[in-house]
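Reviewing the structure listed below.
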2 protein chains.
Amino acid sequence: MNDVAAAAGVALKTVSRVVNNEPGVNAATALRVHAAIDRLGYRRNDSARTLRRGRTASIGLVIEDAADVFYSSLSRAVEETALHHGCLLFTGSSQEDAARERDLVLAFCARRVDGLIIVPAGTDHTYLAPEFEAGTRAVFADRPPGAGCEADVVLSDNVGGARAGTAHLIAHGHRRVAFLGDLPRIFTAAERLRGYREALAAAGLPYDEDLVAMGPAEPARLRADLTRLLGASDPPTALLTGNGRTTVETLRALASITGSAPGPVTTGAFPDRAPPGLGGLALVGFDDFELADLLGVTVVAQDPARLGRTAADLLFLRLAGDDGPVTRFELPTRLIPRGSGERPPPPRRDRG
Amino acid sequence: MNDVAAAAGVALKTVSRVVNNEPGVNAATALRVHAAIDRLGYRRNDSARTLRRGRTASIGLVIEDAADVFYSSLSRAVEETALHHGCLLFTGSSQEDAARERDLVLAFCARRVDGLIIVPAGTDHTYLAPEFEAGTRAVFADRPPGAGCEADVVLSDNVGGARAGTAHLIAHGHRRVAFLGDLPRIFTAAERLRGYREALAAAGLPYDEDLVAMGPAEPARLRADLTRLLGASDPPTALLTGNGRTTVETLRALASITGSAPGPVTTGAFPDRAPPGLGGLALVGFDDFELADLLGVTVVAQDPARLGRTAADLLFLRLAGDDGPVTRFELPTRLIPRGSGERPPPPRRDRG
DNA sequence: CTGAAAGCGCTAACAG
DNA sequence: CTGTTAGCGCTTTCAG
């Protein structure tokens, strides 16, 4: 900028004014400055600019895994909103690791991001207190912050969604509904388990621990749990899977267990024959996923993009000075019947 | 930092030394400084730090769409490598818009990112020249830079992959193979079309323009093109789809045209019956996708994560001072037979 | 081992 | 309309 000023024969400040389109610069002078800028290939250093101005015009986003469709949709929505507000976006994946989440957040804070959107992996966010004190704002998405951390949060209605999915299966005659969930320490997994239990209770059905399998969405673990479930003396006739990954891996596991892939819905909306590969099981999955429509898999859909958009909107509201009380948004889920969740249980065999 | 220095009764520089673990500080002094840091909740401002040091320890990534699985995998790999090098990552989606690509890149450059990884939407990258001159490094991924821009690039073997996919269908007896590609202005689409043509030529088959449909991967457009293709007097018996989105939307379109969803591979590896929904068509898709295995869809797989990793590694090599000649990596693709690509054409009806 | 001074590139505040 | 001065928070350089 100094060089430009020298080249144009003006003061530093005049160059600054021109570069920022500030009013009150003689057109001729501005022209001279512009010429110098072009000649020297000058580009403003926004790093220095933000240092001076106090705001970095950047926000940080910590998600679980950028490669996961759920979080990448959320991320995309946040990006859109950020750009719309003239903000650049730092992204990082916590990999469901609390320490890594903290490191990322603190790294973003060290760069003095104006705000944060966090899908928390950990449950202790006391490390954020100094940052909050320093004026950094944060909005939590998909999961709430740990106890003792007051911050806005945008969630899906996990309990309601799981309840609806379970009730849907029960309404179609199922009395033995299994739940395949994520690790129970994960907020959404615990909430969905709660919804599942509530639906059972509402229908007067007993809660049977043997019908519940919580764990990571890994093929080996799901295969083992499914084998156990299906081999039991009183096996489930329906499955509620706790998230997108789990649903997909369950379909895969079932295909290998029953010896064929899950079948599609035939022409009509809801076929009355069993989709091959589900082995006669009914299935409702939490989270919509690509090709679920073709496969005829009934799901409880979240809207990850809306989750991200809402969180980002909220953050920018805060950054604009909104100092209202901490809020908690809960976005609705939507049950999409596609066949796999509308199948009745097989006729009851007599026992003995 | 001033406050900390005052509180600890030392000079500014001593605090700086402690914060950066620089050697040559009395243990007792360091302790006093640490105490002051904790008491005041001090956190170093990395923005100021990078301004002074010249390097921002951040890189910018411009992809087409963060919500697309292909680019989100690439993105995740870049992120991993960046973090490994102590770098933070700015992300932005160009949405296949050259102007937006440029704006994002220049915004990143204004923040003085150390380097860039770009999946270009545009074909004119002269706007980068001043940045290169200023020392910013860039690596292109998935697609090469426009003419006149010298930069490293990491690609998939698009020609070879498309050639292999087409040859695979021809080897299974098909002589009427259609190609459903992306917009021809997109580098990868053009390359894959070239591979398709090469395979035809190698097999002594004519290139029939009526068998080629290039355009955006949108349901309506694909439905129209497929309807036209299948309704022709000499319709194709096999399809090569030009990317993941197109494959998925083609499956969807075919399902709605033929009145049923595509069917799964049955127990054996390659069923000899037509997967329902493909209407007897054989299909090879460019790009692997979630559940392609269960649906039995043969694909030419790219490795987006490796694309990202390679590009990032290359960038950090450059940032470390490697000034070798500009390189062009081409990663291999892999044909994964799953059934849909191994179906023979239907017995030839006599015409007339 | 510690400190004072200068300055990274920019903008805010106040002159002229 | 233009310029000067100070300083954002840090590190570099050099001197104690």
Side-chain angles (χ1 to χ4, degrees), chain A residues 1-34 36-37 40-58 86 106-114 130-131 134-136, chain B residues 1-34 36-37 40-58 86 106-114 130-131 134-136:
Chain A
M1 202 175 245
N2 244 321
D3 298 350
V4 174
V10 297
L12 188 65
K13 179 63 205 174
T14 302
V15 179
S16 173
R17 284 203 179 91
V18 171
V19 167
N20 294 301
N21 292 316
E22 277 175 37
V25 176
N26 187 311
T29 316
L31 218 64
R32 235 170 49 240
V33 171
H34 271 127
I37 285 175
L40 275 66
Y42 167 82
R43 313 258 168 155
R44 180 177 67 194
N45 183 332
D46 277 8
S47 260
R49 171 171 219 245
T50 60
L51 172 62
R52 183 61 237 240
R53 303 192 77 185
R55 279 209 170 181
T56 56
S58 62
L106 291 181
F108 292 159
C109 288
R111 298 297 177 99
R112 295 295 187 271
V113 293
D114 297 331
E131 310 303 338
T136 310
Chain B
M1 201 176 244
N2 245 322
D3 297 350
V4 173
V10 296
L12 188 65
K13 177 63 206 173
T14 302
V15 179
S16 173
R17 285 202 179 91
V18 170
V19 167
N20 294 302
N21 292 315
E22 278 175 37
V25 176
N26 187 312
T29 315
L31 218 65
R32 234 172 45 243
V33 172
H34 271 128
I37 286 175
L40 275 68
Y42 167 81
R43 313 257 168 155
R44 181 178 66 194
N45 182 331
D46 277 7
S47 258
R49 173 172 217 244
T50 60
L51 172 62
R52 184 61 236 243
R53 302 192 80 185
R55 278 209 170 182
T56 56
S58 62
L106 291 181
F108 292 159
C109 287
R111 298 298 177 98
R112 295 296 188 271
V113 294
D114 297 331
E131 310 303 337
T136 309

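What's counted below: heavy atoms across the whole structure, side chains too, no hydrogens, waters or symmetry copies. Chain naming here is simple, since letters A, B, ... match the order of the sequence lines and numbering starts at 1 in each.
Among residues two or more places apart in sequence or in another chain, the side chain to side chain contact (heavy atoms under 4.5 Å, CB included) test is passed with B:Ala107 by A:Leu88. Looking at residues two or more places apart in sequence or on another chain, you find a side chain to side chain contact (heavy atoms under 4.5 Å, CB included) between B:Leu40 and B:Asp3, B:Val4, B:Ala7. In this view, B:Leu12 and B:Met1, B:Asn2 satisfy the side chain to side chain contact (heavy atoms under 4.5 Å, CB included) rule, not counting sequence neighbours. Every residue two or more places apart in sequence or in another chain that forms a side chain to side chain contact (heavy atoms under 4.5 Å, CB included) with B:Arg49 is listed here: B:Asn20, B:Arg44, B:Asp46, B:Arg53. The side chain to side chain donor-acceptor pair (under 3.5 Å) search around A:Asp114 returns A:Thr56, not counting sequence neighbours.
Read 5' to 3', the first and last nucleotides of DNA chain D with an atom closer than 4.0 Å to a heavy atom of chain B are D:dG9 to D:dT12.
Across all non-hydrogen atoms, the minimal contact from B:Arg17 to B:Pro23 is CD-O, 4.5 Å. Across all non-hydrogen atoms, the minimal contact from A:Pro130 to B:Arg43 is CG-NH2, 2.9 Å. When all heavy atoms of B:Val33 and B:Ala8 are compared, the closest pair comes out as CA-CB, 4.0 Å. In terms of heavy atoms, B:Arg111 sits closest to A:Ala57 at NH2-O, 2.9 Å.
For the pair B:Ala30 and A:Arg49, nearest-nucleotide mapping onto DNA chain C gives the more 5' position to B:Ala30.
Rounded to an integer number of Å, the gap from B:Arg111 CZ to C:dG9 P is 17 Å. Computed from coordinates, the A:Asp46 CG to C:dG9 C1' distance equals 11 Å when rounded to whole Å.
B:Thr50 comes within 4.0 angstrom of no nucleic acid atom, judged by non-hydrogen atoms across all strands. Counting non-hydrogen atoms under 4.0 angstrom, B:Ser47 reaches nothing in the nucleic acid.
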Atom pairs, N/O to N/O, protein against nucleotides 6-8 of chain C, distance under 3.5 Å?
| unit_1 | atom_1 | unit_2 | atom_2 | d |
| --- | --- | --- | --- | --- |
| C:dG7 | N2 | B:Arg52 | NH1 | 3.0 |
| C:dG7 | N3 | B:Arg52 | NH1 | 3.1 |

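Rotation axes derived from the C1' atoms of the five outermost pairs at either end of the helix from C:dC1-D:dG16 to C:dG16-D:dC1 lie 40° apart, to the nearest 10°.
DNA chain D is contacted by B:Lys13, B:Ser16, B:Asn20 of residues 13-22 of chain B, taking any non-hydrogen atom closer than 4.0 Å.
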ask   = How far apart are the C-alpha atoms of A:Phe108 and A:Thr136, what are their side-chain angles, what is the distance that settles it, and do they pass the side-chain contact (heavy atoms from CB on, under 4.5 Å) test?
value = CA-CA 10 Å; A:Phe108 292 159; A:Thr136 310; over 6 Å; no
*Before giving the answer on side-chain contact (heavy atoms from CB on, under 4.5 Å), spell out for B:Leu106 and B:Glu131 the whole-Å C-alpha distance, their side-chain angles and the decisive distance to 0.1 Å.*
CA-CA 9 Å; B:Leu106 291 181; B:Glu131 310 303 337; 3.6 Å; yes
Item to complete: May I have the step-by-step check of side-chain contact (heavy atoms from CB on, under 4.5 Å) for B:Asn45 and A:Leu51, ending in yes or no?
Response: CA-CA 9 Å; B:Asn45 182 331; A:Leu51 172 62; 4.3 Å; yes
